[in-house]
Amino acid sequence: MNTKHIFTLIFSITCSTLLFAEDNNLISPEINADGTVTFRLYAPNANKAYVLGDCLIKGEDLSLLGDKEGKAKMEKDSLGVFSYTTDFAVEPEVYMYYFKVDNKCQRDSLNPYSTIELTKDKSILAVGGNTKADLYVQDGNLRGRVDTVSFPTGYKNSQRRMLVYLPECYNNTIDSLPVLYLFHGINGSEMVWTERGRVIQIYENLYAQKAVVPMIIVMPDCNTGEKLAKRKIRTNLFASMINYVNHILKGEFERYFDEITDYVEANYRVSLDPAKHAISGMSSGARQAANIAKTNYNDYSMVALLTPVVNKKQLPTAVADSIPVYWIGMGKEDFFYKSQKRYCQHFDDGGYLYLPCELESGHTWRTWRVLYTMLIQQLFKSEPLQSIECNENQAIRFE
């Protein structure tokens, strides 16, 4: 065998080893037995790499923008694989992280779960280990079905988008099912409740425990600003705030919402009984839900506002015994907490029925996941909602 053949053989073996390491052996992220997490990245041509994310800081990020993140340098081995293992056990929760490779940001290509947060592609890390967080993790395949829908709307003659989740029993029954309309917040799209909120994992795990009833969950894109509504969602916070001022505050989404309900009722077996309809949202999405319920109060049995950004304009005006039950979730560390308490006080003053739920947390996805988990276990049940305790103590069973 001459030198050329030897070089070719060595080169082939080396390439095969690298490809094998990249495609077959690497796991990222890997949750270790001691609770630490290892991140891996195959980048043989890179000089340096870092992992960044909220999984690298201890405790919950309660900052105004929720943008705190840790940063750790990854070490490169002889096969071109960068890796980093946390020096502490990561608390059971859902986190966001990404890699920075030679100053370029990228998601973890070995992790199938990702989302877009403002201008960055980020990967999702779900760590189980307690009763609450175990609901966020799903073993095996999706048991229900998620339809990605784009439909024509009269609003600016444009296409609108939504996700429709159908439970596993949907194709095995001819019954019409209850429906929950679930709205996102200022930086979201129709994808964010499934990606960051883990609504499907939570629902299907609870469904397996017979803790929830069969229901359809509709998650529309609530943006009406041109940039965000056309899925230009790699945007910055400033653009999101402009969208909030120019469109959300004006109630543009609310004015065409009936096109969404008409489409859902025409294409899915949704119960037409208002007692089987609920509407909910978080943050600015809660504001939109409250606006819709204010004028369409006969269409819903439950209005669930999760850490709402609201004021007197979103209060019901109909007589107290004609409006649906309001379920108001709050976090005591939320920077909107005082306005939410004032909102509740108006319900007390007007004699309206509502269920307050206060957690020791902030205006964050940790709060919204817990509130959603509590909410769906109360929806469309036979027992009267008035008798169900809904306060901070109830959240203990998810810890």
Side-chain angles (χ1 to χ4, degrees), residues 94 111-116 123-124 126 128 134-153 159-184 188-223 231 233 257-273 275-282 285 289 300-302 304 306 365 368-369 372-381:
V94 177
N111 183 350
Y113 301 105
S114 63
T115 188
I116 297 174
S123 295
I124 299 170
D134 284 347
L135 292 175
Y136 307 157
V137 181
Q138 186 173 43
D139 295 326
N141 296 322
L142 175 71
R143 294 183 288 274
R145 186 179 98 207
V146 179
D147 287 355
T148 301
V149 176
S150 179
F151 64 101
T153 172
Q159 292 287 116
R160 290 297 170 190
R161 308 182 309 273
M162 61 184 171
L163 297 184
V164 179
Y165 170 75
L166 305 171
E168 59 182 302
C169 67
Y170 183 80
N171 291 330
N172 300 321
T173 178
I174 60 173
D175 296 337
S176 297
L177 297 181
V179 59
L180 167 65
Y181 293 95
L182 187 61
F183 302 162
H184 61 76
S189 71
E190 75 279 12
M191 306 294 294
V192 72
W193 266 113
T194 58
E195 293 173 342
R196 298 200 65 181
R198 310 292 283 186
V199 295
I200 295 174
Q201 289 87 347
I202 294 169
Y203 177 85
E204 293 204 338
N205 282 322
L206 290 172
Y207 187 85
Q209 300 172 20
K210 301 186 183 332
V212 296
V213 303
M215 71 180 76
I216 296 170
I217 303 175
V218 178
M219 294 158 280
D221 175 28
C222 301
N223 294 305
R231 198 182 273 286
I233 51 180
F257 180 66
D258 60 339
E259 295 183 341
I260 292 177
T261 57
D262 289 347
Y263 181 94
V264 171
E265 291 172 3
N267 290 275
Y268 298 96
R269 289 196 318 277
V270 172
S271 173
L272 300 182
D273 181 359
K276 300 297 184 181
H277 298 172
I279 189 169
S280 180
M282 57 88 158
Y300 304 98
S301 62
M302 167 75 81
L306 314 183
W365 276 105
W368 298 322
R369 282 188 289 265
Y372 164 81
T373 300
M374 299 168 70
L375 169 66
I376 60 168
Q377 293 182 85
Q378 296 186 14
L379 287 178
F380 314 124
K381 297 291 184 69

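Note that the structure is predicted; figures quoted are calculated from it, not measured.
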Over all atoms of both residues, closest heavy-atom pair of [X] and [Y]:
{"X": "P220", "Y": "H184", "result": "O-CD2, 3.5 Å"}
{"X": "T173", "Y": "D175", "result": "OG1-N, 3.0 Å"}
{"X": "A275", "Y": "S301", "result": "O-OG, 3.1 Å"}
{"X": "T194", "Y": "Q201", "result": "O-OE1, 4.3 Å"}
{"X": "N205", "Y": "R143", "result": "N-NH2, 3.9 Å"}

As an exercise, state the distance from [atom1] of [X] to [atom2] of [Y], rounded to the nearest 0.5 Å.
{"X": "M219", "Y": "T148", "atom1": "CE", "atom2": "OG1", "value": "9.5 Å"}
{"X": "C222", "Y": "F257", "atom1": "SG", "atom2": "CZ", "value": "8.0 Å"}
{"X": "K210", "Y": "L206", "atom1": "NZ", "atom2": "CG", "value": "12.5 Å"}
{"X": "L182", "Y": "I217", "atom1": "CG", "atom2": "CD1", "value": "7.0 Å"}
{"X": "L177", "Y": "I216", "atom1": "CG", "atom2": "CD1", "value": "5.0 Å"}
{"X": "S189", "Y": "E195", "atom1": "OG", "atom2": "CD", "value": "6.5 Å"}

Salt bridge (Lys or Arg N to Asp or Glu O under 4.0 Å) with [X]: which residues, sequence neighbours excluded?
{"X": "D134", "answer": "none"}
{"X": "E265", "answer": "none"}
{"X": "R269", "answer": "none"}
{"X": "R369", "answer": "E93"}

Main-chain N/O of [Y] paired to [X] side chain as donor or acceptor, under 3.5 Å:
{"X": "D147", "Y": "V149", "result": "no"}
{"X": "N223", "Y": "G188", "result": "yes"}
{"X": "W365", "Y": "G197", "result": "no"}
{"X": "R198", "Y": "Y136", "result": "yes"}
{"X": "Y372", "Y": "V199", "result": "yes"}

Taking the side chain as C-beta and beyond, is there a heavy-atom pair between [X] and [Y] under 4.5 Å?
{"X": "V94", "Y": "I124", "answer": "yes"}
{"X": "V270", "Y": "K276", "answer": "no"}
{"X": "H277", "Y": "T261", "answer": "no"}
{"X": "I279", "Y": "F183", "answer": "yes"}
{"X": "S280", "Y": "L306", "answer": "yes"}
{"X": "W193", "Y": "L163", "answer": "no"}
{"X": "P178", "Y": "L379", "answer": "no"}
{"X": "E204", "Y": "L142", "answer": "yes"}

Partners passing ring pair (Phe, Tyr, Trp, His ring centres under 6.0 Å) against Y263 (at least two apart in sequence or in another chain):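 Ring pair (Phe, Tyr, Trp, His ring centres under 6.0 Å) check on Y263 returns F151.
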Pairing residues for Y203 by the ring pair (Phe, Tyr, Trp, His ring centres under 6.0 Å) criterion, not counting sequence neighbours: Y165, Y207
Test log, rule side-chain contact (heavy atoms from CB on, under 4.5 Å), inputs Y181 and V264: CA-CA 10 Å; Y181 293 95; V264 171; 3.8 Å; yes
